[in-house]
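My questions all concern the structure below.
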Amino acid sequence: MPSALPAGEAVPADGSLPAHALQAVAGRPLGFYLHVPYCASRCGYCDFNTYTAAELRIGSGADAVLASRDTYADNLVAEVRLARAVLGDDPRPVETVFVGGGTPTLLPAADLVKAVAAIRDEFGLADGAEVTTEANPDSVDPAYLAELRAGGFTRVSFGMQSARPHVLRVLDRTHTPGRPEACVAEAHAAGFDHVNLDLIYGTPGESDDDWRATLDAALGAGPDHVSAYALIVEDGTGLARRIRRGEIAPTDDDQHADRYLMTEEALTAAGFSWYEVSNWATSAAARCRHNDLYWRGADWWGAGPGAHSHVGGVRWWNGKHPAAYARSLGEGRSPGVGREVLSDEDRRVERIMLELRLADGCPLNLLAPAGARVASRAVDEGLLEEDAHRRGRAVLTLRGRLLADALVRDMVD
């Protein structure tokens with residue numbers, strides 16, 4: 001089931017923010033994340049805030065109506081309008097929109113277009129704005145993709161995960177091998193220049209040959225962006241229960257490292273460059289600008305159940321259940337259930353944690369003296385680039401990328 005929300009102070013009923021959060025907005029990009037919490041079935045590894053139709057039938061009839069997919073786009077529009085009221089005369093047009101889930105493409109394409117149109121109407125979209133949706137390969141067809149493109153979407157990200165049937169079965173993925181590659185062709189035919197494939201490595205039972213076949217299939221499809229993530233087994237998921245019962249083997253960190261090296265070698269040979277530890281693109285234009293907005297601590301409004309937002313050093317999050325979310329908006333209240341005001345020290349630590357994962361790294365002057373000493377040792381150990389260190393930046397080497405999480409912890413402790 002979905003993971004728990006953090007604790008925090010109460011969000012005002014009208015969603016209002018402290019005055020300091022709305023100051024000096026001109027220098028910060030603004031994006032929107034739209035969460036669609038519906039899935040046809042639950043993947044065994046997923047702990048995202050998502051719900052199947054059977055899960056949403058639990059509870060009263062009124063809740064089932066409130067949580068319905070049929071009216072969900074109207075709820076997103078209502079929260080976009082709330083965002084306009086909270087941000088007041090904020091002059092910024094929106095630079096990126098990302099529709100995630102769940103499976104956004106379980107909604108009609110017209111509903112996704114409607115939600116993006118509300119952002120355009122309330123805030124305006126910047127020239128060249130990036131508008132992305134995630135999609136499951138078995139939830140779209142050429143007509144659906146064409147409708148998204150005509151409605152202003154510029155980028156689509158397909159969840160491929162693997163090219164091998166037995167790996168997809170362990171992950172509880174429902175699409176057939178070959179369908180993601182066909183989706184890339186259909187997206188290109190619909191007019192999408194930017195297409196991403198999401199991959200997962202390290203699934204129990206996956207061999208080196210399986211992963212190599214997945215990389216070959218993904219690259220053969222012709223996307224301009226690939227995201228590749230090590231499988232993380234989250235507590236409370238179906239996959240965690242199967243591993244605990246001994247039905248399948250646990251994941252292996254050494255195997256993850258080997259697969260990452262295979263990924264880097266294959267993608268680099270195909271003309272991709274890493275720009276974040278788990279993301280590769282064929283050009284700067286192909287990078288996911290919305291994710292870059294997160295990594296660099298810009299402002300974004302997250303609409304939808306369980307969505308998180310950040311504006312001017314204030315972070316808040318919405319209640320998780322779609323019915324409670326809809327009820328709050330219907331009563332004219334913010335769906336936010338908790339927030340935190342980040343201190344200068346919080347923001348410094350977060351910058352290090354996020355920016356170190358980027359190809360251009362983070363400034364050394366963000367580090368405390370102890371962290372600076374760790375960075376110097378990391379250069380000697382081949383984890384940080386020596387030339388970049390001399391220029392005042394901490395930039396991961398390939399070996400450093402394999403140990404990024406541990407290195408970040410040492411640098412901020």
- residues 342-368 vs ring pair (Phe, Tyr, Trp, His ring centres under 6.0 Å), sequence neighbours excluded, gives none

- Query: Got L17 and W316 here, is their nearest side-chain heavy-atom distance under 4.5 Å?
  - Reply: yes

- Query: Any Lys/Arg nitrogen of E345 or R348 sitting under 4.0 Å from an Asp/Glu carboxylate oxygen of the other?
  - Reply: yes

- Message: One pair to check against side-chain contact (heavy atoms from CB on, under 4.5 Å): M262 and R259. What are the steps and the verdict?
- Response: CA-CA 5 Å; M262 292 170 62; R259 299 281 159 75; 4.2 Å; yes

- Is there a side-chain contact (heavy atoms from CB on, under 4.5 Å) between V86 and L22 once you walk through the steps? CA-CA 10 Å; V86 170; L22 302 177; 5.7 Å; no

- Message: Is it the case that atom CD in E265 sees more than 12 heavy atoms from other parts of the structure closer than 6.0 Å?
- Response: no

- What are the two closest non-hydrogen atoms of T105 and S139, and how far apart are they? OG1-OG, 2.5 Å

- Give a yes or no answer on whether the side chain of R179 reaches the backbone of P137 with a donor-acceptor pair at less than 3.5 Å. yes

- Task: Check side-chain contact (heavy atoms from CB on, under 4.5 Å) between P37 and all other residues, then give those that pass, not counting sequence neighbours.
- Result: H35, Y51, Y72, P305, P322

- Message: For the NE2 atom of H290 and the CZ atom of R155, what is their distance to the nearest 0.5 Å?
- Response: 10.5 Å

- Item | Spacing of T251 atom OG1 and I232 atom CD1 [to the nearest 0.5 Å] | 9.0 Å

- State which residues pass side-chain hydrogen bond (donor to acceptor under 3.5 Å, both in side chains) with D405; sequence neighbours excluded, sorted by chain then number. R357

- Within the side chain of T214, is there an N or O that forms a donor-acceptor pair under 3.5 Å with the backbone of A163? yes

- Task: Evaluate the ring planes of Y260 and W280, with Trp represented by its six-membered ring, and classify them as parallel (under 30°), tilted (30 to 60°) or perpendicular (over 60°).
- Result: tilted

- May I ask you to decide if S227's main-chain N or O and N279's side chain share a donor-acceptor pair within less than 3.5 Å? no

- Task: In sequence, state the C-alpha distance, the side-chain angles, and the governing distance for V25 and R28, and then conclude on side-chain contact (heavy atoms from CB on, under 4.5 Å).
- Result: CA-CA 5 Å; V25 297; R28 304 193 303 263; 3.5 Å; yes

- Among all residues two or more places apart in sequence or in another chain, which pass the salt bridge (Lys or Arg N to Asp or Glu O under 4.0 Å) test with D74? K114

- Item | Value rounded to 0.5 Å, distance of CZ in R393 from CG in L356 | 10.0 Å

- Item | From L367 atom CG to C362 atom SG, the distance as rounded to the nearest 0.5 Å | 5.5 Å

- Kindly give the heavy-atom pair with the smallest separation between L293 and G31, and that separation in Å. CD1-N, 3.7 Å

- Task: Give a yes or no answer on whether the side chain of E130 reaches the backbone of R289 with a donor-acceptor pair at less than 3.5 Å.
- Result: yes

- Message: Using the rule ring pair (Phe, Tyr, Trp, His ring centres under 6.0 Å), only one of F192, Y275, F158, W274 pairs with H225; which is it?
- Response: Y275

- Item | Side-chain donor/acceptor of D346 to backbone N/O of S343, under 3.5 Å | yes

- Would you confirm whether R149, through its side chain, and A190, through its main-chain N or O, come within 3.5 Å as a donor-acceptor pair? no

- Go through V374 and L407 one step at a time and tell me if the side-chain contact (heavy atoms from CB on, under 4.5 Å) criterion holds. CA-CA 8 Å; V374 171; L407 182 56; 4.1 Å; yes

- side-chain hydrogen bond (donor to acceptor under 3.5 Å, both in side chains) against E134, all qualifying residues, sequence neighbours excluded: none

- Close side-chain approach of H310 and E350, heavy atoms under 4.5 Å: no

- Stepwise salt bridge (Lys or Arg N to Asp or Glu O under 4.0 Å) check, D360 with R296: CA-CA 11 Å; D360 57 359; R296 298 187 188 277; 3.2 Å; yes

- Item | Side-chain heavy-atom pair Q161, D198 within 4.5 angstrom cut-off | yes

- Message: Check this for me: does any side-chain nitrogen of one of D410 and R377 sit under 4.0 Å from a carboxylate oxygen of the other?
- Response: no

- Among V113, V97, T132, whose side chain to side chain contact (heavy atoms under 4.5 Å, CB included) with F153 holds? V113

- Nearest 0.5 Å please: distance from the CG atom of N196 over to the CZ atom of R287. 14.0 Å

- Task: Could you list the residues that satisfy side-chain contact (heavy atoms from CB on, under 4.5 Å) with N291, not counting sequence neighbours?
- Result: C288, Y294, W295

- Query: Are Y201 and W211 close enough that their ring centers fall under 6.0 Å?
  - Reply: yes

- Query: Are any side-chain N or O atoms of N318 and backbone N or O atoms of G304, one a donor and one an acceptor, separated by less than 3.5 Å?
  - Reply: yes

- Message: In the structure I gave you, are the side-chain heavy atoms of P180 and R173 within less than 4.5 Å of one another anywhere?
- Response: no

- Checking R84 against F123: charged group under 6.0 Å from the ring centre and within 45 degrees of the axis? yes

- Kindly give the heavy-atom pair with the smallest separation between L34 and L76, and that separation in Å. CB-CD1, 4.4 Å

- Closest heavy-atom contact between A266 and L219? O-CD1, 3.8 Å

- Item | Minimal non-hydrogen separation, F32 against V94, with atom names | CD1-CG2, 3.8 Å

- Return yes if a side-chain donor-acceptor contact under 3.5 Å exists between Y144 and E186, otherwise no. no

- Query: Got L106 and N136 here, is their nearest side-chain heavy-atom distance under 4.5 Å?
  - Reply: no

- Does Y38 use its side chain to pair, donor to acceptor, with the backbone of S68 at less than 3.5 Å? yes

- Under a 4.5 Å cut-off applied to non-hydrogen side-chain atoms, are L107 and R69 in contact? yes

- Message: To the closest 0.5 Å, what do you measure between CG (D210) and NE2 (H166)?
- Response: 3.5 Å

- Item | Side chains of W317 and V337 in contact at under 4.5 Å (non-hydrogen atoms) | yes

- Message: Ignoring hydrogens, what is the shortest heavy-atom contact between C39 and G102? Give both atom names and the distance.
- Response: SG-CA, 3.5 Å

- Message: Does any part of the side chain of V116, heavy atoms only, come nearer than 4.5 Å to the side chain of R120, both counted from C-beta?
- Response: yes

- T397 side chain to L383 backbone, donor-acceptor under 3.5 Å: yes

- Task: Kindly say whether M160 contributes a backbone atom to a donor-acceptor pair with the side chain of H175 at under 3.5 angstrom?
- Result: yes

